[in-house]
Amino acid sequence: MTSEKDRILIFDTTMRDGEQSPGASMTHNEKLELADLLETMGVDIIEAGFPASSQGDFEAVRDIARRSKSSVITGLSRSKLEDIDRCGEAVRHAARPRIHTFISTSPVHMKHKLQMGPNAVLEAVGRSVAHARNLVEDVEWSAEDATRTEFEFLCKCIDVAIASGATTINVPDTVGYTHPDEYGGLIRALRETIPNSDKVIWSTHCHNDLGLAVANSIAGAQNGARQIECTINGLGERAGNAALEEIVMAFKVRGDTLPYDTGIDTTRLARASQMVSRITGFPVQYNKAIVGKNAFAHESGIHQDGMLKNTETYEIMKPEDVGVSKSSLVMGKLSGRNAFRDKLASLGYELDADSLNEAFRRFKDLADRKKHVFDDDILALVDDQLSAMGERVGFDSLRVIAGSVGPQKADLSLRVDGQLMEASCTGNGPVDAVFNTIRKIVSHEAKLDLYQVHAVTGGTDAQAEVSVRLNGEGIMAVGRASDPDTLVASAKAYIHALNKLEARRLKRRAA
């Protein structure tokens, strides 16, 4: 609690629920990088993964826990005791460890998913929470599909969880079924009905199937929830989760009617959004609230006139508040290394010496090829570099013969496990030739599900940003890359997707 505003705990599940989005797999190093940023932002609880699901997830949660300083680090666990033990082992080195365990409580889930009766579920709730509490002092319990659970039975389950030692009770809208009045009423009714409800923190976890996840989460807070579970960019299964940046800024902007404080450093929101987009390969839609490219853009003449007279005419928040720079053209080919380092810092990047040198070299190359270098160009350049770090297959060089007189041909050099490999192939167009050449060097059977190109900035010399989605053996992976040459960007994006696909295959085999 604060003197004027109630404190809302922000629980980020980007690395657990967000990673469950098809194609959104994260590598070990990417998770560590994201966890560091989330903790720096002031996220209260970081759900770093599902330790029992795979060795890779266990190691990620364990290493994030070891590095943590202020945030609570938690992993998700089913009600199985071996799952809870695995989770407890993963988080035990955290400065503030938590075990988050759950079980389904709705009739449809109990019948078709668990094949368990109500009494068996109640027994599992008590057993799992008590076992978790023996391992850590901080235990969260969730009633999966709570919003489709019979109220009386939900009360019984929560009562057992509290009696068994749960410190946080989460009421998930697992399938995005509810609406704000209904969800807020449920939180209020549970708090008023269940004995000792004041002894625990109440939490929301809302999915966005009807586009109501943020509204439902806010309604939960208005009715007594003091923890909100959410993800960067609203990433998550199906239509996603409540978006962290939207919830935090709703409380910040509308503090007059939403008197809640989150403790989040909002100036890092844009950086977090860009990082998650780069790591997962999921582009942020241009009109996405808070962090979308058009969130602070004005094209209408009437709007532009109003903005010139007073920015408050059409903006309810300052772009600087979320980490968006107002400046557009501040760097060029004559800029020095220190200026470049300062620019990166203003954009939210802190690179080690080697990474900075490589980024500066690429920036100089870009400045020689492009008349104007915008902030978005620098963001794309550095994100492209970071995406390729530690990958087994790397881009070296590309030469393409294209035009109306075929055949189109690609000569490509890749580094595979550090060894330079070259090949040439033709194709039905230059992009097809490039992709055929990659497949010749790195043989695989994955299907190309998506190929998408858009310009990072305006002008004929704009960098192209390419997204590629591969599907192999039921596993999807998305790769993104940027370059002033669309074909080079295409090759890099395909290679990035291929690396992520292999990483996901290894993760599945280890599970």
Does [X] come within less than 4.0 Å of [Y], counting only side-chain N to carboxylate O?
X      : Y      : value
Glu47  : Arg98  : no
Arg278 : Glu33  : yes
Asp145 : Arg148 : yes
Lys288 : Glu245 : yes
Asp138 : Arg96  : no
Lys252 : Asp321 : no
Asp159 : Lys156 : no
Arg62  : Glu89  : no

Practice task
Measure across Asn170 and Thr204 and return the closest heavy-atom pair with its distance rounded to 0.1 Å.
Solution key: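 Heavy atoms of Asn170 and Thr204 come nearest at OD1-C, 3.4 Å.
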
Exercise for the section: Can you see which heavy atom on Ala489 is nearest to which on Val466, and at what distance? Expected result: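 Where Ala489 meets Val466 most closely, the heavy atoms are CB-CG2, 3.7 Å.
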
Problem - Contact check, side chains of Tyr183 and Leu212, non-hydrogen atoms, under 4.5 Å - result: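 No; the side chains remain at least 4.5 Å from each other.
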
Ignoring hydrogens and geometry beyond distance, is a side-chain donor-acceptor pair present between [X] and [Y] at under 3.5 Å?
X      : Y      : value
Glu144 : Ser104 : yes
Ser467 : Gln452 : no
Thr267 : Glu320 : no

Handout entry: Arg86 charged N/C atom sitting above Phe58 aromatic ring, 6.0 Å / 45°
Key =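 Geometry flag: set, cation within 6.0 Å and 45°.
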
Exercise for the section: Using the six-membered ring wherever Trp is involved, compare the ring planes of Phe363 and Phe340 and label them parallel, tilted or perpendicular (cut-offs 30° and 60°). Expected result: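 Plane angle under 30°, so parallel.
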
